Amino acid sequence: VLPSTIDYSKNDIRIDNFKVSHNAQNITIDGRATASPDDSIDVHLKDIDISYILNLVNFHSVEFSGMATGKATLSSIFAKEPKMHADLKVDNFKFEDGRMGTLYAKTSLNNTLKQLDISAVAIDGEDRKTTIEGYVSPQRSDISLNITAHNTRLEFMKSFCSSFMGEIDAKANGSVLLFGPLSNINLRGKLIADGSMEITSLNTTYTVHNGVVRFIPDAIIMDNDTITD
């Protein structure tokens, strides 16, 4: 923890370059927090593990991981409607332990709807891309994320299908909605899948080509698809 100055009086905090670092990782906080929109606090992140941050706030409804770099700005902190927006890059981004590439995300605090609005895209090599649009509301304890897949890896499905699926080496195109109360998240939508997946109860790896996978609450349906071993 590097030397810094923090001055506090009622509804007024001034932070002069507060910095915590570990090797190449660091968090720097600088600025002034009041009720005025003209005063702001900047939080700079460099290679911070987002799974660690989610552990701190006890968010485990869905699992995200990766190393985040970027900036978040908070203003009107002591007002009735504080403002926040962040612009982050997350390297080695994973959703439910499934590789998604590098995530570029913009988030902002929506006071009217009491939620965090999210607009993001994950780039995974030259031909894989996943866009994510929606929100998370800790206050209402619900989530809604529209996920559009373009050759997206399907490794994340293992966490939802671990009772019968092992290793998954497949890609998908289409869109799904991740939604529901944080205590019971579901998927709805349709993906076209290509690749292989291990069915653990049979100890066999099967291949599917242009397989239609439909998601409805509490169910994943492969309807009339052809699989080969």
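Keep in mind that what you see is a predicted model, and the values were worked out from it rather than measured.
Annotation: salt bridge (Lys or Arg N to Asp or Glu O under 4.0 Å) contacts of D91 (sequence neighbours excluded): K89. Residues satisfying the salt bridge (Lys or Arg N to Asp or Glu O under 4.0 Å) criterion with D142, sequence neighbours excluded, are R140. Under the rule for a ring pair (Phe, Tyr, Trp, His ring centres under 6.0 Å), the partners of F156 that lie at least two apart in sequence or sit in another chain are F95. Qualifying side chain to side chain donor-acceptor pair (under 3.5 Å) partners for D97, counting only residues two or more places apart in sequence or in other chains: none. Remark: K158 pairs with E167 by the salt bridge (Lys or Arg N to Asp or Glu O under 4.0 Å) rule, at least two apart or across chains. Shown here are the side chain to side chain donor-acceptor pair (under 3.5 Å) partners of D169, two or more places apart in sequence or in another chain: there are none.
Clustering ILVMFWY residues whenever any of their side-chain heavy atoms sit less than 4.5 angstrom apart, transitively, puts I50 in the very cluster that holds L145. Cluster annotation: I143 and L109 are assigned to distinct hydrophobic clusters (Ile/Leu/Val/Met/Phe/Trp/Tyr, side-chain heavy-atom contacts under 4.5 Å, transitive). Under a hydrophobic-cluster definition in which Ile, Leu, Val, Met, Phe, Trp and Tyr are linked whenever side-chain heavy atoms come within less than 4.5 Å, directly or via other members, I29 and I48 are assigned to the same cluster. Transitive grouping of hydrophobic side chains (ILVMFWY, heavy atoms separated by less than 4.5 Å) keeps F179 and I216 in distinct clusters. Note on I27 and Y52: separate hydrophobic clusters, where clusters join Ile, Leu, Val, Met, Phe, Trp and Tyr whose side-chain heavy atoms are under 4.5 Å apart, directly or indirectly.
The salt bridge (Lys or Arg N to Asp or Glu O under 4.0 Å) pairs that include a residue from residues 177-196 number zero, where partners must be two or more places apart or lie in different chains. Residue pairs meeting the salt bridge (Lys or Arg N to Asp or Glu O under 4.0 Å) criterion with at least one partner in residues 145-156, sequence neighbours excluded, are R99-E155, D124-R153.
Scanning all heavy atoms of the two residues, the minimum distance from V90 to F93 falls at O-CB, 3.8 Å. The heavy-atom pair separating I192 from N210 by the smallest distance is CG2-CA, 3.8 Å. When all heavy atoms of L154 and A193 are compared, the closest pair comes out as CD1-CB, 3.9 Å. Nearest heavy-atom pair, H150 versus N173, reported as atom, atom and distance to 0.1 Å: CA-OD1, 3.3 Å.
S119 and E133 share a side-chain donor-acceptor pair at under 3.5 Å. Side chains of Q115 and S137: a donor-acceptor N/O pair is absent below 3.5 angstrom, by distance only.
The shortest side-chain heavy-atom distance between N146 and I132 does not fall under the 4.5 Å cut-off. The closest side-chain heavy-atom distance from V121 to K129 is below 4.5 Å. In this structure, the side chains of T148 and T130 stay at 4.5 Å or more apart for every pair of heavy atoms. In this structure, the side chains of L191 and F215 come closer than 4.5 Å at one or more pairs of heavy atoms. Annotation: side chain of T207 is not in contact with side chain of T205 (no heavy-atom distance under 4.5 Å). Counting heavy atoms from C-beta outward, C161 and I220 have side chains that approach closer than 4.5 Å. Put simply, the side chain of I147 does not reach to within 4.5 Å of the side chain of L177, judged on heavy atoms. A 4.5 Å side-chain heavy-atom check between F160 and L187 finds at least one atom pair inside the cut-off.
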Show me the side-chain donor-acceptor pairs of residues 100-108 shorter than 3.5 Å, one per line, residues at least two apart or across chains.
unit_1: K106; atom_1: NZ; unit_2: D87; atom_2: OD2; d: 2.8

Run the side-chain donor-acceptor check on residues 2-22: report pairs under 3.5 Å with partners two or more places apart or on a different chain.
unit_1: D12; atom_1: OD1; unit_2: R32; atom_2: NE; d: 3.1
unit_1: D12; atom_1: OD2; unit_2: R32; atom_2: NE; d: 3.4
unit_1: D12; atom_1: OD2; unit_2: R32; atom_2: NH2; d: 2.6

Would you list the atom pairs, donor with acceptor, under 3.5 Å between side chains in residues 69-80 and any protein atom, with sequence neighbours excluded?
unit_1: T69; atom_1: OG1; unit_2: D47; atom_2: N; d: 3.0
unit_1: T69; atom_1: OG1; unit_2: D47; atom_2: OD1; d: 3.4
unit_1: T73; atom_1: OG1; unit_2: D42; atom_2: OD1; d: 3.0

Which donor-acceptor pairs under 3.5 Å do side chains of residues 221-229 form with protein atoms, sequence neighbours excluded?
unit_1: D225; atom_1: OD1; unit_2: V212; atom_2: N; d: 3.0
unit_1: D225; atom_1: OD2; unit_2: V212; atom_2: N; d: 3.1

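Counting heavy atoms of neighbouring residues, nucleotides and ligands inside a 6.0 Å radius, atom CG of N203 does not exceed 12 of them.
With rounding to the nearest 0.5 Å, the separation of CD1 in I199 from CZ in F164 is 6.0 Å. Of the inter-residue distances, the one linking I168 atom CD1 with M197 atom CE reads 6.5 Å to the nearest 0.5 angstrom.
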- Worked check of side chain to side chain contact (heavy atoms under 4.5 Å, CB included) between D30 and I41: CA-CA 6 Å; D30 193 70; I41 295 286; over 6 Å; no
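Between the side chain of S159 and the main chain of M157, no donor-acceptor pair closer than 3.5 Å is present. Side chain of S51 to main chain of F64: no donor-acceptor pair is present (N/O by atom type, distance under 3.5 Å, no hydrogens or angles). Judged purely by atom type and a 3.5 angstrom limit, N23 has no side-chain atom pairing as donor or acceptor with the backbone of Q25.
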